[in-house]
Amino acid sequence: MARILLIEDNDALRATLAELLAVAGHTVVEAGNGRDGLDLFGQAGADLVITDLVMPEIEGLEVVRQLRNAHLPVNVIAISGGGRASAAVYLEAARLLGAARVLHKPFTAAVLLAAIDELLPGDV
């Protein structure tokens with residue numbers, strides 16, 4: 001299956017999502033903030049990036065922006081429950097910056113897995 005970079009600062013949510021993705025057959029690389037996520041992506045890439053938007057160090061909007069500005073051929077799923085602004089504001093900004101899908105927290109496992117299936121090529 002795919003190599004997925006999961007960037008989420010909430011340890012419990014990151015562990016839950018990583019387990020869900022692993023059970024679905026994916027290899028999961030985890031980061032607790034955008035800076036670490038970008039570093040991990042630079043080291044080994046990924047077939048797909050799932051990033052929270054409100055995080056310490058580098059926020060997810062900056063992760064999306066940097067990946068798009070580098071013209072890297074990787075799809076991004078942006079996830080958010082909000083922060084200083086509503087989740088809708090963050091998610092719309094992520095979409096405008098180039099996120100392929102945006103998901104409002106909380107979302108179901110089925111919704112996340114369906115988004116992943118839509119974005120990954122069949123042979124990954």
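Residue numbers run from 1 in the order of the sequence given. These figures come from a predicted structure and were not determined experimentally.
Across all non-hydrogen atoms, the minimal contact from Leu40 to Ala31 is CD1-CB, 3.9 Å. Residues Ala87 and Gly81 share a closest heavy-atom pair of CB-C, 3.6 Å. Nearest heavy atoms, Asn75 versus Leu119: ND2-O, 3.2 Å. In terms of heavy atoms, Gly60 sits closest to Met55 at N-CE, 3.6 Å. Of all non-hydrogen atoms in Ala115 and Ile77, the two that sit nearest each other are CB-CD1, 4.0 Å. Considering all non-hydrogen atoms of both residues, Leu5 and Gly37 come closest at CD2-O, 3.3 Å.
Here Leu103 contributes atom CG and Leu91 contributes atom CG; the two are 8.0 Å apart, rounded to the nearest 0.5 Å. Summarising the geometry, atom CD belonging to Glu8 is positioned 10.0 Å from atom OG1 belonging to Thr16; distances are rounded to the nearest 0.5 Å. Going from atom CZ of Arg101 over to atom CG of Leu112 covers 12.0 Å, rounded to the nearest 0.5 Å. In this structure, the separation between CD on Glu92 and OG on Ser80 is 13.0 Å, given to the nearest 0.5 Å. Between the NE2 atom of His26 and the CG atom of Leu113 there is a distance of 6.5 Å, given to the nearest 0.5 Å. Here the CD1 atom belonging to Ile116 is positioned 9.0 Å from the CE atom belonging to Met1, to the nearest 0.5 angstrom.
A salt bridge does not link Arg35 to Glu59: none of the charged side-chain nitrogens sits closer than 4.0 Å to a carboxylate oxygen. For the pair Arg14 and Asp52, the salt-bridge criterion is not met [side-chain N within less than 4.0 Å of a carboxylate O].
Hydrophobic clustering of Ile, Leu, Val, Met, Phe, Trp and Tyr side chains at less than 4.5 Å, counting indirect connections, keeps Leu6 apart from Leu72. A chain of hydrophobic side-chain contacts below 4.5 Å, direct or via other Ile, Leu, Val, Met, Phe, Trp or Tyr residues, connects Val54 to Ile58. Residues Ile4 and Ile7 do not share a hydrophobic cluster, clusters being chains of Ile/Leu/Val/Met/Phe/Trp/Tyr side chains in contact below 4.5 Å. Placement of Phe107 and Tyr90 in two distinct hydrophobic clusters is found when ILVMFWY residues are connected by side-chain heavy-atom separations under 4.5 Å, directly or transitively. Val89 and Val63 are members of different hydrophobic clusters when ILVMFWY side chains are connected at heavy-atom separations under 4.5 Å.
Within a 6.0 Å radius of CD in Glu19, other residues, nucleotides and ligands contribute 12 heavy atoms or fewer.
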### Query
Where do Arg68 and Val74 land on the side chain to side chain contact (heavy atoms under 4.5 Å, CB included) test, with the steps shown first?
CA-CA 9 Å; Arg68 293 288 70 93; Val74 63; 4.1 Å; yes
### Test log, rule side chain to side chain contact (heavy atoms under 4.5 Å, CB included), inputs Val64 and Val76
CA-CA 7 Å; Val64 175; Val76 177; 3.8 Å; yes
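Each of Leu61, Val102, Ile79 was checked for a side-chain contact (heavy atoms from CB on, under 4.5 Å) with Leu53, and the lone residue meeting it is Leu61.
With hydrogens and angles disregarded, a donor-acceptor distance shorter than 3.5 Å links the side chain of Asp47 to the backbone of Arg3.
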